[in-house]
Amino acid sequence: MLDIARIRKEPETVCAALAKRGAQVDFAPLLKDDQLRRDLIARSEAIKAERNRINKDIPRLKKEGGDVSGLLEQMKKSGEEVKSLDDELRAVDARMQEFLVGLPNIPADDVQPGGKENNQVVSSWGSKPDFADFTPKNHVDLCTSLKLIDYERGVKMAGSGFWLYTGLGARLEWAMLNYFIQEHIKDGYTFMLPPHLLIYESGYTAGQFPKFEEDVFRLQEEGGMRFLLPTAETALINLYRDEILEEADLPRRLFAYTPCYRREAGAYRASERGMIRGHQFNKIEMFGFTRPEDSAAMLGELIGKASRLVEGLGLHYQLTKLAAGDCSASMATTYDIEVWMPSMNEYKEISSVSNAHDYQARRGSIRYRRAEDKKIDFVHTLNGSGMATSRLLPAIVEQYQQADGSVIVPKVLRDMVGADILTPES
RNA sequence: GGAGGAAUACCCAAGUGGUGAAGGGGCUCCCCUGCUAAGGGAGUAGGCCGGGAAACCGACGCGAGAGUUCAAAUCUCUCUUCCUCCGCCA
């Protein structure tokens with residue numbers, strides 16, 4: 001949610017910023033409603049103030065035996081006036097709300113305009129594995145032959161877009177989750193296990209609703225809906241919804257493990273099978289609440305953490321700064337970590353680290369009281385995958401595969417997996 | 001799923017239609033005392049919205065929303081959350 005005061009003050013600047021992400025917005029109807037709204041409030045409140053004054057007098061007059069019937073008549077009339085003004089006000093409010101809720105976040109100043117084509121590779125780590133001596137297999141073949149993932153039986157149980165980790169595959173997946181959890185705890189982050197089913201308002205605060213309701217699995221219930229979270233971010237952003245934190249409480253550094261459930265309507269490309277567009281995948285999510293002046297530093301911190309985790313696994317990756325149009329609607333800045341996928345000859349996103357500034361905080365009314373002057377202001381919120389293990393497992397088997405079809409287990413996972421190398425026989 | 005009960009400030013809590021939502025604890029400040037104590041006094045109802053450069057003024061505000069009324073913490077309805085009991089529990 002954008003600040004109406006800022007739009008009122010500098011509509012052209014906001015308009016130009018939104019244009020960076022390809023959003024063409026005309027603020028004229030909004031600003032007209034804004035003026036109308038304030039007029040309605042002024043008129044309604046003037047009548048209410050008068051009514052309050054008279055109401056204070058009535059009991060006194062009655063006690064003194066005066067005649068109040070004329071006053072009562074007048075009060076009844078002004079009551080009706082107030083009611084009609086307030087009805088109009090509600091309609092204007094709803095119209096403005098609808099307009100504002102549909103607007104995406106303002107991209108940060110240093111974010112490039114344009115779409116995907118303007119994404120910039122910031123850095124890269126490691127190098128592409130050398131497969132000169134043999135033809136590397138793709139992760140679907142590897143995971144199948146090594147019996148790490150059972151794609152067919154996953155579909156049998158749950159339908160298209162689901163798979164099943166089996167044996168060493170489950171252990172490898174779980175080892176990664178454990179590894180990340182341990183690293184986050186070492187860094188002083190607080191471990192959270194949130195509910196997986198959330199109410200509508202939580203999706204609204206995250207910026208998911210109302211625009212992307214079709215993208216989640218929904219359960220219709222009497223008296224409302226619940227949905228399966230598409231990422232732990234959707235839960236964690238709501239931790240302090242409608243709360244006022246003390247400045248001393250900030251920054252908050254959290255992480256959570258949840259599966260992520262997404263509809264991902266439409267078919268995936270064959271090469272993406274088993275990695276992208278699954279309806280359910282595992283992810284550790286990092287999350288931060290900060291003072292506005294600290295969010296840039298925390299963004300750097302989160303990028304650093306995500307990078308170190310991929311490096312710990314020894315995977316070749318690049319860090320990309322997204323152009324405005326490629327950032328999701330709620331985010332002002334996003335950096336992606338993209339891991340090398342030999343079979344696809346592409347770098348694929350495995351972590352996305354973003355700063356939402358006050359966009360989500362405004363939607364969810366998440367604020368803090370400054371220690372010095374007791375003023376209340378919106379916090380900044382940040383999130384980053386740290387990491388999506390279900391996308392890392394394919395990268396691991398592809399990058400670590402050997403000529404004989406076996407896969408070497410990354411050092412940091414060997415104890416937890418209980419194996420140094422995965423072979424078709426193991 | 002059923003039957004009851006509850007929701008007022010940081011905490012406890014009074015308040016069954018009428019001008020400023022009692023009181024206590026805690027907290028902040030001051031006085032007295034003089035050193036891990038005790039006493040006295042003052043302050044302490046949030047947040048949003050509108051106006052204003054500000055001081056401030058106004059509107060709203062007793063879980064949320066609607067209604068009755070000239071007037072609602074108080075009466076009515078709907079909902080939410082919590083508590084007690086019963087049932088269910090792969």
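Below, read A as the first sequence line, B as the second, and so on, with proteins coming before strands; counting in each chain starts at 1.
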**Student:** Can you list everything that forms a ring pair (Phe, Tyr, Trp, His ring centres under 6.0 Å) with A:F289? Sequence neighbours excluded, please.
**Tutor:**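 So A:F289 forms a ring pair (Phe, Tyr, Trp, His ring centres under 6.0 Å) with A:Y240, A:F287.
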**Student:** Starting at CG of A:N52 and ending at P of B:G50, how long is that distance when rounded to a whole Å?
**Tutor:**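 Interatomic distance, CG of A:N52 to P of B:G50: 19 Å.
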**Student:** With sequence neighbours left out, what residues match A:Y335 under side chain to side chain donor-acceptor pair (under 3.5 Å)?
**Tutor:**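 Listed in chain order: nothing, the list is empty.
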**Student:** Does anything in residues 197-219 of chain A form a ring pair (Phe, Tyr, Trp, His ring centres under 6.0 Å)? List the pairs, not counting sequence neighbours.
**Tutor:**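 Qualifying pairs, neighbours excluded: A:Y200-A:F209, A:F209-A:F227, A:F217-A:H279.
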**Student:** Provide the full list of ring pair (Phe, Tyr, Trp, His ring centres under 6.0 Å) pairs with a residue in residues 362-390 of chain A, sequence neighbours left out, each pair given once.
**Tutor:**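 Residue pairs passing ring pair (Phe, Tyr, Trp, His ring centres under 6.0 Å), neighbours aside: A:H357-A:H380.
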**Student:** Using a cutoff of under 3.5 Å, can you pull out all pairs of nitrogen or oxygen atoms linking the protein to nucleotides 67-70 of chain B, with atom names and distances?
**Tutor:**
from, atom 1, to, atom 2, distance (Å)
B:C70, O2, A:N55, OD1, 3.4

**Student:** Counting Watson-Crick and G-U wobble pairs whose two distances are both under 3.5 Å, find the runs of 3 or more in a row that involve RNA chain B.
**Tutor:**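 Looking at RNA chain B, the stems formed by three or more consecutive pairs are B:1-7 with B:80-86, B:10-12 with B:23-25, B:26-31 with B:39-44, B:49-51 with B:56-58, B:63-67 with B:75-79.
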**Student:** Can you name the salt bridge (charged side-chain N to carboxylate O under 4.0 Å, His left out) partners of A:D110, sequence neighbours left out?
**Tutor:**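 Per chain and number, A:D110 pairs via salt bridge (charged side-chain N to carboxylate O under 4.0 Å, His left out) with A:K321.
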**Student:** Show every side-chain hydrogen bond (donor to acceptor under 3.5 Å, both in side chains) that has at least one partner inside residues 175-185 of chain A, sequence neighbours left out.
**Tutor:**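 Qualifying pairs, neighbours excluded: A:E183-A:K186, A:H184-A:K305.
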**Student:** Go through residues 195-209 of chain A and report each residue with a non-hydrogen atom lying under 4.0 Å from RNA chain B, sorted by number.
**Tutor:**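 Per residue number, the list is empty: none.
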**Student:** Give each protein N/O atom lying under 3.5 Å from an N/O atom of nucleotides 6-10 of chain B, with the pair distance.
**Tutor:**
none

**Student:** For A:D3, which residues count as a side chain to side chain donor-acceptor pair (under 3.5 Å) partner, sequence neighbours excluded?
**Tutor:**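 With sequence neighbours excluded, A:D3 shows a side chain to side chain donor-acceptor pair (under 3.5 Å) to A:R362, given in chain and number order.
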**Student:** Could you identify which residues of residues 30-42 of chain A place a heavy atom less than 4.0 Å from some atom of RNA chain B, listed by residue number, or say none?
**Tutor:**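 Nucleic-acid contacts, sorted: A:R37, A:R38, A:I41.
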